2 protein chains.
Amino acid sequence: MVTVAGPLWGKMVDMPHRPTINDVAAHAGVSKSLVSLALRGDAGVGEAARTRILESADALGYRSNILARSLRQGRTMTIGVVLSSLTNPYHTEVAAAVEEAAEHEGLSVLLAHGTHRRDRLDARIDLLLDLSVDGLVVVSSWIGAEALERAGRRAPVVMVGRTEDKVPGVDSVNNDDEHGASLAIDHFLAAGHTRIAHVSASSRPSGAARRRGYLRAMDTAGLDGNARIIDRSTDAEALPNQLSEALADGFDAFFARNDVEALDVMAAAADLGHEVPESIGVIGYDDSALARRARPGLTSVRQHAEVLGARAVELLRSRIGGRSDDIHDVVEPRLRVRTSTRSPATAADDAG
Amino acid sequence: MVTVAGPLWGKMVDMPHRPTINDVAAHAGVSKSLVSLALRGDAGVGEAARTRILESADALGYRSNILARSLRQGRTMTIGVVLSSLTNPYHTEVAAAVEEAAEHEGLSVLLAHGTHRRDRLDARIDLLLDLSVDGLVVVSSWIGAEALERAGRRAPVVMVGRTEDKVPGVDSVNNDDEHGASLAIDHFLAAGHTRIAHVSASSRPSGAARRRGYLRAMDTAGLDGNARIIDRSTDAEALPNQLSEALADGFDAFFARNDVEALDVMAAAADLGHEVPESIGVIGYDDSALARRARPGLTSVRQHAEVLGARAVELLRSRIGGRSDDIHDVVEPRLRVRTSTRSPATAADDAG
DNA sequence: CTGTTAGCGCATTCAT
DNA sequence: ATGAATGCGCTAACAG
């Protein structure tokens, strides 16, 4: 009746008693074992008993206690997704894709968000594992390899979008960042651009790979002398200055590490009075909702978040099914051309 | 050693055995009760035993099983957040704010995403409640009042951003949508606009309230004859046509239901060759990251996601602390003026 | 005071 | 179709 006054977070005792399997058993006049069997559709339950039990359960509003069941079974039919960002559409699109795929398998998804703080991310992973999720999808490159390896020993773990290091015991699904970057550069080249800069605020693995891809593509095109990287990692506010410097130096094409940064470039360019794509071209990465919504529409390297998410769930399933060798899947990115870049044809016309 | 081959999702048995309290007890040569007491810092544990136990726990890498503990205590130090959208920045900003506030209370946050499907949202709510979260924050107006009321009987529940109906037993935190709408309209009026349309794809409670606010403000200004609502609920693709019609009819100011729709308006306007803010003005709602990042910067009604999230956690805490009366908090919105609208001063200059 | 035993919380599962 | 055992940790009652 009265609520216990814990220091801050006490257990509430004034919540109505939740019916347990015992209540149902008593109500139906059978043993709780039989209730358990009946509720889970076991064949060896008499018709009469079955209906009586179902009615009782319904009448009492019984729902089995997941904690108790999970404790016993060591299985929850739930998978966890750990995110380091809720604000990057690409991350949330992957999460949504995982959820969609999981739903088809009859699995529920729990999300945990850890900001970019390693300690919090680690704590979230532990929380989900402690809750006995049947598998874990990690959409973050901020988590330490050790933490991932430890997690991988407790449950199947798939990391999405973490390139570079392969963590033993942990599967991964990635897009080919280097190749994706070269798609962007090649598109610029085809449109006649030669002064192509790369904009990146991050040296996270995927960012580093895209940068490598950029440098390699420039190199291949014989433009390595023209390469410039606009590094925003130290001061994100510096972009307008960095951009106007680059523009002054003749750069007219900007390949950004992701869509968010590409929009920053477009915004800064607009503030500087430059027209996209007439004056400069911009390409992003991820092809998230941001790219579709932007004006002009942002040309972007598509990572196929839906594919990545679905594949992650597949990997979890096969791992749960007993696979013991690690799988590292690579999904080929594709360029989604919109209007933030001149088309190759137009460039040819201009040139001709 | 061998993995059980369940139909699809079987229990993996090749995961290493996780040390239990019994293992620690055996290792330290004491009873498991003493281990429990020692680990939780109980005073009545001898110094010698305490250190031995802590060492053993450490050596074995023991972590208490949350499921077992929660089952026993009925408390998890975890709160759940249910979202119907991962793609609307406002929603995720509220979630992040809840997380931040929860962290200060020593609480972990689990997120669940249910799309806009009622059945899935309901299932997620049940899942979180089954996991014995200590409280639930619902950031969705798509959940039925009955489901919320039921949830409110199981655990403290706060809904954020759901206006209209007050659900008995459930607290709420809202911004004043009608007032927020009037802030937008008044800003347009001050800038000299009189042909102000409202763009909305939703008649969800908050959308309806903003619409009412719009109509009332127009009415107050004696412009009720000029009111027009561009309804996108039936066909989101129709916006370009609807917009060009409105423009043809002389409308030059558009108040959108939220930032996402405001950006749609800006994009469509750009496609139609209209300049913002020179040719038309646009105001959004939420003042999410989208508004900051847009170019021109989007003038938007600020909901204060951080405040809403923090307040939600406060309400949960006081409810857990024993409060039994419902609280419905209202946070006053404010207009964040950016460059998608002409300034009142400019308008005066134009007029003079 | 220090530490132990027994039993609980709830559902599943095995042997009867 | 059932009682007992099980999973793991917490806690009231009790013994040294």
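As the structure is a prediction and not an experimental result, all values here were calculated from the model. Throughout, a chain's letter reflects where its sequence line sits, starting with A, and its residues are numbered from 1.
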- prompt: Taking five pairs at each end, how big is the angle between the two axes of the helix from dC1(C)-dG16(D) to dT16(C)-dA1(D), to 10°?
  reply: 50°

Please write out each protein N/O paired with an N/O of nucleotides 14-16 of chain D under 3.5 Å, distance rounded to 0.1 Å.
none

Short N-O contact, Asp122(B) and Arg150(B), less than 4.0 angstrom: no

task: Only counting residues at least two apart or in another chain, list the ones meeting side-chain contact (heavy atoms from CB on, under 4.5 Å) with Glu55(B).
output: none

message: Do Asn174(A) and Asp329(A) have side chains that approach each other closer than 4.5 Å (heavy atoms only, starting at C-beta)?
response: no

- line: Numerically ordered, the residues 57-69 of chain A set in heavy-atom contact under 4.0 Å with DNA chain D is Ala68(A)

Between protein and nucleotides 13-16 of chain C, what N or O pairs are separated by less than 3.5 Å?
unit_1: dT13(C); atom_1: O4; unit_2: Ser33(A); atom_2: OG; d: 3.1

- line: Applying salt bridge (Lys or Arg N to Asp or Glu O under 4.0 Å) to Arg40(A) and not counting sequence neighbours gives none

message: Under the rule for side-chain contact (heavy atoms from CB on, under 4.5 Å), what residues qualify as partners of Val167(A), not counting sequence neighbours?
response: Ala145(A), Leu148(A), Glu149(A), Met159(A), Asp165(A), Val170(A)

field: Set of side-chain contact (heavy atoms from CB on, under 4.5 Å) partners for Asp23(B), sequence neighbours left out
entry: His17(B), Pro19(B), Thr20(B), Leu60(B)

statement: Ordered by number, residues from residues 46-54 of chain B within less than 4.0 Å of DNA chain C (heavy atoms) are Gly46(B), Ala49(B)

field: Pairwise distance CG(Leu39(A)) to OG(Ser64(A)) - rounded to 0.5 angstrom
entry: 7.5 Å

query: Of all heavy-atom pairs between Arg118(A) and Gly144(A), which one has the smallest distance, and what is that distance?
result: NH2-CA, 3.0 Å

query: Among pairs that include at least one residue of residues 107-147 of chain B, which meet ring-ring contact (aromatic ring centres under 6.0 Å, His included), considering only residues two or more places apart or in two chains?
result: His116(B)-Trp142(B)

- prompt: Side chains of His328(A) and Ser172(A): is there a donor and an acceptor less than 3.5 Å apart?
  reply: yes

field: Integer-rounded Å distance: dT11(D) P and Ile21(B) CD1
entry: 11 Å

field: Value in whole Å for how far the C1' atom of dT4(C) lies from CG of Asn22(B)
entry: 14 Å

- line: Sorted by chain and residue number, the salt bridge (Lys or Arg N to Asp or Glu O under 4.0 Å) partners of Asp126(B) (sequence neighbours excluded) come out as Arg63(A), Arg154(B)

- request: Kindly write out the residues that satisfy side-chain contact (heavy atoms from CB on, under 4.5 Å) with Ser31(B), not counting sequence neighbours, or none if the list is empty.
  value: Ser33(B), Leu34(B)

- request: Heavy atoms only: give me the nearest Asp134(B)-Ile320(B) pair and the separation to one decimal.
  value: O-CD1, 3.3 Å

- request: Heavy atoms only: give me the nearest Asp130(A)-Asn65(B) pair and the separation to one decimal.
  value: O-OD1, 4.4 Å

query: Quick check: does any side chain N or O of Arg124(B) sit under 3.5 Å from a backbone N or O of Ala112(B), one acting as donor and the other as acceptor?
result: no

query: Just checking Val45(B): base, sugar-phosphate only, or nothing, at a heavy-atom cut-off of under 4.0 Å?
result: sugar-phosphate

